[in-house]
Amino acid sequence: MSTRLSQLFVRTLREDPVDAEVASHRLLVRAGYIRRQAPGVFAWLPLGLKVRRKVEAIIREELDAFGAQEVLFPALLPKDPYEITNRWTEYGDGIFRLKDRKGADYLLAPTHEEVFTLLVKDLYSSYKDLPLSIYQIQDKYRDEARPRAGLLRGREFSMNDSYSFDYTDAGLALSYEQHRAAYERIFTRLGLEYVIVQADAGAMGGSKSEEFLHPTPIGEDTFVRSAGGYAANVEAFTTAAPAPMGFDSLPPAEVLETPDAPTIESLVALANSAHPRPDGREWTAADTLKNVVLALVSPDGTRELVVVGLPGDRDVDPKRAEVAFAPAEVEAATEADFAKNPLLVKGYIGPWVETGALLGEDSATGIRYLLDPRISDGTEWITGANIEGKHVFGLVAGRDFASDGVAEIANVTAGDEAPDGSGPVELARGMEIGHVFQLGRKYAEALGLKVLDENGKLVTVTMGSYGIGVTRVMAVIAEANHDEKGLIWPRNVAPFDVHVIAAGREESIFEVAQSLVESLESTGFDVLFDDRPKVSPGVKFGDAELLGVPLIVIVGRDAAAGMVELWDRASGERTSIPIADVAAALA
RNA sequence: CGGGGCGUAGCUCAGCUUGGUAGAGCGCUCGGUUUGGGACCGAGAGGCCGCAGGUUCGAAUCCUGUCGCCCCGACCA
């Protein structure tokens, strides 16, 4: 195949579109691959579509290779299936909803678990039909609060979503591994660097969950990894808790005057000046126990206060808190909350008073009290004495106070130990490009997907759910492969195999270029031919760099002598070779 | 949803302070000169100046309202 640039439906822009910030967005628009239609919604021009199709083809090949089968569900769906799983409500403003002429509710699907599950339920009822993996590549719709960064976070985006159906846990584990392995091959073929991180299973329910993240500073996810191979999304990071220690030899706790010290900073300063540690070491924020009052708002609207104790050098990570308390929403406690609980003295809150426990379900306040894993038995803390201007020093966990449980909501910092003992972690940003997930029986249960097993017993099917953001992946590839002049596609997804430029005015140059294009075409190459007459070489070179086909052939001044230049877009290197050698050089 | 900014030609923007009926560069069309890094000359096409209302003899410009868009943050299976 070949395409003449003079005929191609494209217009490159000399200047950056003003609304595009990130490189992929800027360049894909400027090079004429996509065009904005509405916030987060894009039209696909021929060049963009070609790249998108190539990404899709790789996904299809790898999924088909282990026996997954392609299907296609509509993007427009009735609300009923989503009512059953309560997601019609849970999604809130996040989905596009619409009504038909009769007033019936519909939605533009943000994801398709329900309909996949229901279709399998319709058709299958025996263990002999399983395992089954079916997938689609379909547009998804989410009414993002703020679409941004072009294709990276759109409201309409293409996604490959795949679902596995098994009737045993072992079967699910295998289906999961097959998808995971296929995804690894897909990203490798796409030339995309990725890190597989443990992920939080989140609102989807289910158990094992891993994300494929592409490390990039513009990524929206923060993840941690250790040199020893541990990797997790921060939301899924678990703290390595110190082993409990005995406290028989520790001195009793002591209430000391700490006027005007309602913050950790002021408390540490005051402790060092007024109440220095007997052994002379400085007190630090990590010696203090900070008690944060949070309000949890359940989906049904009930509001519960909870206090979380964490080392004073830590802050609450809002995302981790959301995960820890899901499905409840986490808010900061308000003045009204404090007014209702006069025993809580702002700035001096602690789990202990001389008369006994102040925090905890069985305490004076009855407020649930959770602790960061670092507050293990035998550790000593400075914390509020629940009296204005007083803190208690040497308060020992397990001896002087106890909790109702553990809360993983403290922020993660570089240098924290990985929970598997593989060393300290570093933090990095990543863009989620894929997700593999053992959904388990949640949806099958809710939607009644059961099959008869070997013993004639009805068993609930267990599912896996897997996704790759196709259009996002395309943007991430552009993000990872460009320079200041334009795009530089990896060969596997480039819109063309080679970009031939006729550089010059003589008729003979065009004739030589034309015959080269035809011969490459007959060899099986997909060729883009810049045949534009009266366009100067400079413009053609610039457009070639913008468009980003990785291999460019310039037919120019030496064409009559049978020589052309082979131009490597990525390195910028140009080599003069005989025309007859071009096909071989491209192979 | 909070903060900031912007709506004028396909794109990037000027004009608005101080009202007088629409501009530049790029792109596009025609003619000509150019042709290895975004060349030039000449002639053109193209605009409900986001929308509505108001003030005024007259509004892109002033006033009120409204809609939309972009960026940062919050949110984001």
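Side chains are part of it too, since the values below use all heavy atoms of this structure and drop only hydrogens, waters and symmetry mates.
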Without decimals, in angstroms, what is the distance between [X] [atom1] and [N] [atom2]?
X      : N     : atom1 : atom2 : answer
A:Q37  : B:G68 : CD    : C1'   : 16 Å
A:E220 : B:C71 : CD    : P     : 12 Å
A:L13  : B:U12 : CG    : P     : 8 Å
A:R26  : B:C70 : CZ    : P     : 17 Å
A:L152 : B:C71 : CG    : P     : 12 Å
A:R505 : B:G32 : CZ    : P     : 13 Å
A:K534 : B:U29 : NZ    : P     : 11 Å
A:I218 : B:C71 : CD1   : C1'   : 15 Å

Once you apply the 3.5 Å cut-off to both distances, tell me the Watson-Crick or G-U wobble partner of [N], or none.
N     : result
B:A39 : B:U33
B:C75 : none
B:A22 : none
B:G27 : none
B:C6  : B:G68
B:U17 : none

**Request:** Output yes when A:E545 and A:R569 qualify as a salt bridge under the 4.0 Å nitrogen-oxygen rule, no when they do not.
**Result:**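 Not counted as a salt bridge, because no side-chain N and carboxylate O are separated by less than 4.0 Å.
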**Asked** What is the minimum heavy-atom distance between A:T460 and A:A444, and which atoms define it?
**Response**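 For A:T460 and A:A444, the tightest heavy-atom pair comes out as CG2-CB, 3.7 Å.
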Taking the [atom1] atom in each of [N] and [M], what is the distance between them to the nearest angstrom?
N     : M     : atom1 : answer
B:G54 : B:A59 : C1'   : 11 Å
B:G7  : B:C13 : P     : 9 Å
B:U29 : B:G10 : C1'   : 14 Å
B:A60 : B:G23 : C1'   : 12 Å
B:A24 : B:C63 : C1'   : 30 Å
B:G38 : B:U12 : C1'   : 15 Å
B:C48 : B:U21 : C1'   : 14 Å
B:C51 : B:C67 : P     : 15 Å

**Request:** Would you jot down, in residue-number order, the residues of residues 544-568 of chain A having a non-hydrogen atom under 4.0 Å from RNA chain B?
**Result:**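 RNA chain B contact set from residues 544-568 of chain A: A:E545, A:I554, A:G556, A:R557, A:E565, A:W567.
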**Message:** Around atom CD of A:E573, are there more than 12 heavy atoms from other residues, nucleotides or ligands closer than 6.0 Å?
**Reply:**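 Atom CD in A:E573 is not crowded, with 12 or fewer foreign heavy atoms closer than 6.0 Å.
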**Request:** Evaluate the ring-ring contact (aromatic ring centres under 6.0 Å, His included) criterion for residues A:F541 and A:W567: first the C-alpha distance (whole Å), next the side-chain angles of each, then the deciding distance (0.1 Å), finally the verdict.
**Result:** CA-CA 10 Å; A:F541 295 159; A:W567 182 14; 5.7 Å; yes
**Message:** Evaluate A:F212 against A:H435 for side chain to side chain contact (heavy atoms under 4.5 Å, CB included), listing each step before the verdict.
**Reply:** CA-CA 6 Å; A:F212 287 73; A:H435 197 164; over 6 Å; no
**Request:** Could you pick out which residue, A:D221 or A:R35, lies toward the 5' side of RNA chain B when each is mapped onto its nearest nucleotide?
**Result:**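 Its nucleotide being nearer the 5' end, the pick is A:R35.
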**Message:** Both A:V535 and A:G467 contact RNA chain B. Taking the nearest nucleotide for each, which residue is further toward the 5' end?
**Reply:**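 Its nucleotide being nearer the 5' end, the pick is A:V535.
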For nucleotides 25-28 of chain B, which of its nitrogen or oxygen atoms have a protein nitrogen or oxygen under 3.5 Å away, and what is each distance?
| residue | atom | partner | partner atom | Å |
| --- | --- | --- | --- | --- |
| B:G25 | N2 | A:E15 | OE1 | 3.1 |
| B:G27 | OP1 | A:R14 | NH2 | 3.2 |

**Item:** Phosphate-side-chain proximity, A:R36 and B:C70, N/O vs OP1/OP2 below 4.0 Å
**Value:**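 Yes, within the criterion.
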**Asked** Does OP1 or OP2 of B:G38 have a side-chain N or O of A:S536 closer than 4.0 Å?
**Response**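 No, outside the criterion.
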**Message:** Let's go through A:H214 and A:E193 carefully: what are the C-alpha distance in whole Å and the side-chain angles of both, what is the deciding distance for side chain to side chain contact (heavy atoms under 4.5 Å, CB included) to 0.1 Å, and is it a yes or a no?
**Reply:** CA-CA 6 Å; A:H214 173 73; A:E193 185 193 350; 4.1 Å; yes
**Asked** In a check of side-chain contact (heavy atoms from CB on, under 4.5 Å) between A:I552 and each of A:L566, A:V500, A:I501, A:V498, which one passes?
**Response**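 Option passing the side-chain contact (heavy atoms from CB on, under 4.5 Å) with A:I552: A:I501.
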**Message:** Would you say the rings of A:H179 and A:F66 are close, in the sense that their centroids are separated by under 6.0 Å?
**Reply:**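 Judged by ring-centre distance (under 6.0 Å), A:F66 and A:H179 do meet the cut-off.
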**Request:** Just call it for A:R155: base, sugar-phosphate, or nothing, with non-hydrogen atoms closer than 4.0 Å on any strand.
**Result:**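 Nothing, no nucleic acid heavy atom in range.
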**Asked** ring-ring contact (aromatic ring centres under 6.0 Å, His included) between A:Y163 and A:Y466: does it pass, once the steps are laid out?
**Response** CA-CA 6 Å; A:Y163 305 88; A:Y466 319 91; 7.8 Å; no
**Asked** ring-ring contact (aromatic ring centres under 6.0 Å, His included) with A:H25: which residues, sequence neighbours excluded?
**Response**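 ring-ring contact (aromatic ring centres under 6.0 Å, His included) list for A:H25, sorted by chain: A:F42.
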**Request:** Using the six-membered ring wherever Trp is involved, compare the ring planes of A:F187 and A:Y194 and label them parallel, tilted or perpendicular (cut-offs 30° and 60°).
**Result:**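 The rings of A:F187 and A:Y194 sit tilted, inter-plane angle from 30° to 60°.
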